[in-house]
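These notes are about the structure you will find just below.
In what follows, every chain begins at residue 1, and chains take the letters A, B, ... in the order their sequences are listed.
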Amino acid sequence: MALTDIWFLLIAVLWTGYLVLEGFDFGVGMLLPIVGRDAIDRKVTLRTIGPVWDGNEVWLLVAGGATFAAFPFWYATLFSGFYLALLIILVALILRGIALEYRGKIDDATWHRRWDLVIVGGSAVPALLWGVALANIVRGVPMGADHEFAGSFFTLLNPYALLGGLTTLLLFALHGAVFLALKTHGDVHDRALKVVPPLGIASVVAAAGFLGWTQTLDGSWITWALAVAAALCLIGGLIASRLGREGWAFLGTAATIALASATLFTTLYPNVLPSTTDPAFSLTTLNAASTPYTLKIMTWVAVIFTPLVVLYQGYTYWVFRARLGRTDFPTPVQKVAS
Amino acid sequence: MWDLRLWGRRGPAGKVGSMDAIDLARWQFGIVTVYHFLFVPITIGLSALVAGLHTAWYRTGNTKYRRMTQYWGKLFLINFAIGVVTGIVQEFQFGMNWSDYSKFVGDIFGAPLAIEGLLAFFLESTFLGLWIFGWDKLPKKVHLASIWLVAIGTQLSAYFILAANSWMQWPLGYTYNQASGRAELHDFGAVLTNKVALVTFPHTIAASFLTGGAFMLGIALWHLLRRPGKHTDLFRPAVKLGAITTLVAAAAVMITGDIQAKIMTETQPMKMAAAEALYETSAPAPFSILTIGSLDGSKEIWSLKVPHGLSFLATGTTTGQVEGINDLQQAYEQRFGPGTYTPNVPLTYWSFRFMILSGVLAAAIALLALWRLRRPRPRATKWLIRAALAVPLLPLVGNSFGWIFTEMGRQPWIVFGLMQTRDGVSPSVGAGSVLTSLIVLTLLYGVLAVVEVFLLLRFAREVPAEADSSDPEAAEPAFLY
């Protein structure tokens, strides 16, 4: 396996890790007003992601940094080409991060309400736009021999990409609902379970449409197999949720997102950004890559430290494994009394 | 201005008013980077101080230290949040605004950035989550280790990003590949042990401790002076800790800065000459305390100087020769072809002085505070209260000018001697797009600053909850969501 292939795989893994992890905390953010009907319920809802969301987001930063290091031309063309879309994502992520951190600092209903709006918007917008962006990467963009993006912001809003955005939006919402069902008890848990079936059906339809359409781009038996496996995991997750097996349900939606991501990256390979102008102008794992020397160093760093990161992030999830409920958040009145 | 073509490829329409994409991209980089770096040094300095307080609590079991940990920890977290979210922009904007730069240096520059994420960002964010939410869930030792790992993470992050920046100041360990038109790495060890990085790292870390110390000093001193007799047990030690940290760090900043100046004279003599507005090569060279030049910075009109001062600063001997701007300009023209190789001299000259001045002032206030602390109840004079309010801000000014100096002093180069800044900008991004993101990010950052200062002031005034060991929850909620 060539070093460039290893790095394509690693970057796919980093993106997949990001989508699976931040996927559910985007979902929790989007569902906040639906599952959190009062102040305490909203606290319960947000606490489920409180200790972990920031660590989840670092997967994105590392995916971005790794793309810069391993495929500088991919990084350069992609980030300058998707300029305004990325700006919107950046603004959303900034606002959302601040909202999650500052919301609880002041105990005031208006303060909470305003930040809650930011959390919902700041979760929904990237959930949609990451799907749009990934779909465009797989589909390809207008690009000449100079490897510069030759389209505009509106080039990115094609039907295939919009369906991709809708798919990630729905899948993340579902993933968040299943996560909340696993991590809470009481009202939040019940309301989260209630949105699973409608979100599940919508996700199945959107994902089937999107992944099916993806097959027409550059399908093979492997991409078909991955897409079918994604669909089966999704349906399996929904059944598990119905049966009250919440851990299995979460594993199901996590696997769905991972397999959908694998479908996209497998379709993309060996390109990293195809040109719709002329396939000869496409950026590939070969013409976009760093030198073997840099890739070798980066491989060593990744091989040593990625498992370590997975280990201590896993530890965090273990520490905060307990289900949360209203009883974990005594009201101020009870507090004074105690 | 709202010509739609501006959002497409840069071309004849690639201008907004008299600004083109390159000016706008430079303004954007300056604004978002200086802004990001207001929060970074506070985070680096304060995380270590909070870890120290937490350790004191762990060792002694004294609830005073627990309350101090929580009080300063809360202020630390308010700062940290903005540092984190604005850091995402930092990583994205190389590709967004500087794609030709990214292509040219990606083989070298991308690696430390990716390693920073993998080694430092994961560590910081994951263990900070554990620390914030782990007060009653983690074994005490693990909880303590969490905040230390956060502090170590912030310093690791500083090291890798400074190694990347130092390569832009003094590129080595690469070969220029004519075929691919880019710089290619052949010795990563050389990049990581770049002498510019090895001195810039301690200089930056020392400045960060100065920033964290002054932050603690100012707020604690304000409490001591404005609310005499209240919670003296918490704020008196904080004044002491803050002031001593500030002083020791200031000494370290000076020593590392001095070494840095000598290395700079060797690696980037033009920056040193511009820092001193030294136009003619001199041996011995005087240190300029104040130079007034013509408005365009091309000539010297009047100046006040310390004889031999610059020779000593730049070369370590009192008579060493320091090259002047004019000679260097000529030498660079011969080496790189016709062009301007002189940075903006007034800006470089003044930012260098403001950087030093703010650090010195902060150290002086720290000394004054320690002196006044001899008495059990320091007198609340008007000037001391003002000094308490000013001291957290001074290092922020110094840090900003330090970066403005080091980056502006490198111009016109983006990578010294290899690539000019104007060649690094993204060719496919129109001026309208850059202007849009410049406006959006500046407004957003402005709003964030208002919210942040509002929260900081509120929590800085709020006195830490009374220690009550029977109710460990009492002091906790403000930490959480």
Could you tell me which of [options] has the largest number of non-hydrogen atom pairs under 4.5 Å with chain B?
options: T291(A), V62(A), I304(A), V319(A); value: T291(A)
options: L93(A), N56(A), L14(A), L86(A); value: L86(A)
options: H112(A), Q313(A), R96(A), E57(A); value: Q313(A)
options: A63(A), A76(A), G55(A); value: A76(A)
options: S80(A), A66(A), P72(A), A322(A); value: S80(A)

Any ring pair (Phe, Tyr, Trp, His ring centres under 6.0 Å) pairs touching residues 424-451 of chain B, not counting sequence neighbours?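 Non-adjacent pairs meeting ring pair (Phe, Tyr, Trp, His ring centres under 6.0 Å): Y35(B)-Y445(B).
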
Where the side chain of [X] meets the backbone of [Y], is there a donor-acceptor pair that is under 3.5 Å apart?
X: H36(B); Y: I88(B); result: no
X: S157(B); Y: G153(B); result: no
X: D328(A); Y: G325(A); result: yes
X: T184(A); Y: L324(A); result: no
X: R321(A); Y: W318(A); result: yes
X: S426(B); Y: M96(B); result: yes
X: H147(A); Y: F281(A); result: yes
X: W111(A); Y: R103(A); result: yes
X: Y102(A); Y: I78(B); result: yes

Taking heavy atoms only and a threshold strictly under 4.5 Å, list by residue number the residues of residues 140-150 of chain B that touch chain A; give 'none' if the list is empty.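 Those residues of residues 140-150 of chain B which have a heavy atom under 4.5 Å from chain A are V142(B).
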
Tell me, side chain or backbone of [X] under 4.5 Å from chain B's heavy atoms, or both, or neither?
X: F71(A); result: neither
X: I297(A); result: side chain
X: Y293(A); result: side chain
X: V309(A); result: side chain
X: A289(A); result: backbone
X: L90(A); result: side chain
X: L308(A); result: neither
X: W74(A); result: neither

Between chain A and each of [options], count heavy-atom pairs under 4.5 Å; write down the option with the most.
options: W98(B), Y101(B), F127(B); answer: F127(B)
options: L123(B), V451(B), L448(B); answer: L123(B)
options: E452(B), Q93(B), E116(B); answer: E452(B)
options: L118(B), L113(B), L441(B), T86(B); answer: L118(B)
options: G117(B), S180(B), A111(B); answer: A111(B)
options: F92(B), F80(B), F121(B); answer: F92(B)

Charged N-O contact under 4.0 Å between D116(A) and R42(A):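 Judged by the 4.0 Å cut-off on N to carboxylate O distance, D116(A) and R42(A) do form a salt bridge.
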
For the side-chain hydrogen bond (donor to acceptor under 3.5 Å, both in side chains) test, which of T67(A), T299(A), T294(A) pairs with W7(A)?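 The single option meeting the side-chain hydrogen bond (donor to acceptor under 3.5 Å, both in side chains) with W7(A) is T299(A).
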
Specify whether F29(B) and F94(B) have parallel, tilted or perpendicular ring planes, treating 30° as the upper limit for parallel and 60° as the lower limit for perpendicular.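 Geometry flag for F94(B) against F29(B): tilted rings.
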
Relative to the ring of Y18(A), is the ring of W15(A) parallel (under 30°), tilted (30 to 60°) or perpendicular (over 60°)?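 Because their plane-to-plane angle is over 60°, the rings of W15(A) and Y18(A) count as perpendicular.
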
Under a 3.5 Å cutoff, is there a donor and acceptor pairing between the side chains of S437(B) and Q28(B)?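 A donor-acceptor contact under 3.5 Å links the two side chains.
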
Name the region of [X], side chain, backbone, both or neither, that has any atom closer than 4.5 Å to a heavy atom of chain A.
X: L130(B); answer: both
X: V440(B); answer: side chain
X: I82(B); answer: both

Scan F109(B), W167(B), F104(B) and name whichever one has a ring-ring contact (aromatic ring centres under 6.0 Å, His included) with Y174(B).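 Of the listed options, the one satisfying the test is W167(B).
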
